[in-house]
Amino acid sequence: MMSGGAKALTAFVAGGDLKDSVFRELVEALPVAIYTTDADGRLTYFNAAAVKLSGRVPELGTDKWCVTWKIFLPDGTLLPHDQCPMAIALRGAEVPTGIECIAERPDGSRFWFTPCPAVVRNAEGRIIGGINLLMEITDRKHAEIEANEQFRAIVETTPECVKIIAPDGTLLFMNSPGLAMVGASAGDALIGRNVYDIIALEDRNRFREFNERICKGEKGSLQFDIVGLKGARRHMETHAAPLRHLDGTTVHLAVSHDITERKRGESAAFLLGAIVDSSDDAIISKSLDGVITTWNKSAERLFGYTAEEAIGQTVAALLIPDDRQEEEPDILAKLRKGERVDHFETVRRRKNGSLIDISLTISPVKDHQGRIIGASKVARDITERKKSEKRLVEQAQLLDLSSDAILVRDGHDRILDWNRAAERLYGFTREEALGKISHELLRTEFPEPLSAIRETLLRDGHWSGELIHACRAASRINTLSRWVVERDKKGDVIRILESNNDITERVRVQEEVRRANKDLEQFAFSATHDLQEPLRSVKIYSELLATRHGDTVDEEARKFITFVRNGATRMELLIRDLLTYTQATKFDPGSETADANEALNGALSNLGGAISESAARISADSLPSLPVHGMHLQQVFQNLIGNAIKYRSPDRQPFVHVAVERQDGYWLFAVSDNGIGIDPEYKENIFGLFKRLHTSDEYSGTGIGLAICQRIIDRYHGRIWVESEPGHGSIFRFKLPA
Ligand code: ADP
C-alpha cells in the first residue's frame, strides 16, 4: 500500500507537474533545491530554491540530470554531467549517501552540496523518473576547511613532532618539525612507511605495545629513543590519544618532543652533583648576602653541620670566628665586583667550636645574562699541612744541631731541606741547595745504579752505603750515607731523609793500610822465596856433612849436625807455610761460586795419608754452593780437618763432622772433632800467626794454619771462631756470605 504522500510524489515525478496544489506549494516553499527528471534524466520540474542555488533557470525537457551548471568532486576534478549522482541513480546504480560535491554557477561562484538522488519506479519496477534534493553545505564546509587550516597551521608551527600512526604502525601523518627531528627532508621519505623502523631497537617492542593500546582507545605517554634516518639517536617523550580516522578506524595521534638536551642536562647535573659530593673539599655556594645555598658532603665532614643545618644560615654566623668577622664583608665586596678570592688561608669554626686551618677559593657565580648572583666556595682542610709545616720547622732546627750533613729530599730527589752541617761540608748554602736535584748538585757517584738503590730504599724503608760527592770547591769527599724514607698513611713517599757522614779521612787511611799490606805481602813473598835458596844450601851441606864425614867426627859433632838438619827442615816447613799464608788470598773471588762439597772432597784427598794413618772417620752434611773461590774454601777445610786429625785424642778413634746451616745472609759451617780440645783461655790466640799451644816435639806444625783460615774468611767479611772443652773435642765455626 502506497501512502498518500508517496502517491503524490510518484505522480509528481511521473507527471512532471504537480496536480496537488498543496503539495506543490509545499515543495515550492521548501528552502531545499529539488528537481525531478524523467527516466532519461531530462528535467521535468525544479523549485525556486533550485534556481537560487544553481544560479540559473534550467530548461525543462532539455537540461539533463542536473539543475547545476558544472560539478566538481571535492578534490577539484570536473565531473561530466552523465557521471553526476542523479545520472548514476537513473542507471539503477546505488549512490552512496552523504557524498559531497562542489557546483559552479554560471557567474563562477561555487557552493558545496550533498545530493540525495532517488528514482521512482512504476508498478512493474521500471524506472520512470528521478527526484534529487541538493542540500547546500557550503557554510559547514567552509567552517570545516577553516578549522582544518587552523589545525594545520597549529600543527606546522608547533616545535613538537605531531604524528598520526595507524594500528599497524604505518605513519599516516607527521608535521615538518617532526620530519626534521627524524632527519627526513620531505614527508615522502617517511609518511606511509612503518614508524617502528625508526624506533631504537631496545624500545621497539614497548613502542609497538603502546601504539596498539592507543589505537584501542587508551591515552598515554611514553619515553623512547629514535634513530633517525641519518643515524642520529634522540630521546623522545610522547603524549598520545586515540583519534577516529576518516575511514572509521581508530588511530594514534601523538605529540612528541625531543628531550635529548633535557636528558643530557639532567645527567650532566647529576654528574656534577656526584662530583661535588665526592670531592674531598668542602664545596659551598652562597648568595651575595653570604647566605649558604648549597652544602656538600665534605662540608658536612669538615664543619660538622648537616646540609639542613647549614643552608639558609649566613657564613659569618655559622663558620667565621669572632676575631675574623671582618673577613666576610671584604670577601663579599670582592665577589660583587666579580673578583675571585684565591687560596686564602684562614681559620674557621666547626660546629663543636674547634678551629680549623683552611684554604679558601671563592669565585663569583653568574646567571645566563652574566649577572653575579652568588658565589661558589671551595674550602680545603690544611690543618695537616700547617702541622707538618710546623713540624718541619722544628725538624730543621733539630737538623741544624746534627754534625752530619743532612738533606731532606722529596720523592723526586728535589732538596727540601739542607742543614748547617751540609752547608759546611759541601759549601752550598741552604738557599742554593733548595729545590735542586740532590745527586745533580753533588755530582754523586753511587756504588750501584741509583735505580737499584731506590728499589732497596722503597722495599726496606732505608738504605746505607758509601757515596762520593763533589763539594762547591770541586773537591771530592767520601761519605757514609744513610737514607730513610718517610711515607704517608697511603704509603706514598713524602720525603727521604739523607744523613751523610764525612769518611774521606777514614777511606784515605784504609786505602793507605791496604797499600801497605800489599807491600808487606809482596815483601813476605819475596823474602820467603829468597830464603829458600840459602836454606837449600844449609840442608844439602849438612846432609853431605852427615853422610860423608859422619864417621870421622865425634859424638858431639854428630849431634850438632842433627840439630842443623832438624832446624833446616823446620825452617823449610815454616817458609812453605808462610808462603801459603802470603798467598792465601791471592785468588780473586770475582763472581765465582764454589760448590762446598767439591772443596771438601779436594781437601780430603790432600789429607788422604793422614786420614788412613789415623783411621779417622769423616762425615759431612750436604753442603751448599756459595760465592767464594773454590781454592779458598778447600784451604779452610784442609787446615781445619788436618788439625782435627792432628790434635786427636790418643784414647779414641778420631771423628770429624762438617755441618752447615743457613743464617740470615750467611752460611754457618761447623767442623767438629772429638780430639784433645782447647783451653778456652787460648781460643782467640790460636788464630794469630805462629801461635801454637804445643811444642814441635809434641805435635808438628808451624802455627800458621788457623791464621790462613782467618785471613781467607776475613777476605769475604766472614768470621771464624772456636768452641771447645779440653778433653772433649772442638768445634771450629765459620760463616761466609751466602
Ligand atoms: P799448627 O797446627 O801448625 O800448630 P794452627 O794455626 O793450625 O797451627 O793451630 C794453632 C794451634 O791451635 C795449634 O798449635 C793447636 O794447639 C791448636 N789447635 C788447632 N786446631 C786444634 C784442634 N782441632 N784441636 C785442638 N787444638 C787445636
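Worth knowing before you read on, the calculation uses all heavy atoms, side chains too, and leaves out hydrogens, waters and symmetry mates. The model shown is predicted, which means the values in this text are computed figures rather than measured ones. Remember, it's 1-based here, ligands and their atoms both numbered in the order they're listed.
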Task: side-chain contact (heavy atoms from CB on, under 4.5 Å) assessment of K436 paired with L442 - done: CA-CA 10 Å; K436 303 266 167 44; L442 299 175; over 6 Å; no
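If you check the side chains of T383 and D381, you find a donor sitting under 3.5 Å from an acceptor.
Under a 4.0 Å N-O distance rule, the pair E512/R515 does not qualify as a salt bridge. Salt-bridge annotation for E432 and R472: present, with a side-chain N of the basic residue lying under 4.0 Å from a carboxylate O of the acidic one. Salt-bridge check for K691 with E684: failed, with every basic side-chain N at 4.0 Å or more from each acidic carboxylate O.
Using a 4.5 Å cut-off on side-chain heavy atoms (C-beta onward), L497 and E486 make no contact.
For ligand 1, the protein residues placed under 4.0 Å by at least one non-hydrogen atom are N643, A644, K646, Y647, D673, I676, G677, I678, I686, K691, R692, L693, H694, G701, T702, G703, I704, G705, L706, S730, F732.
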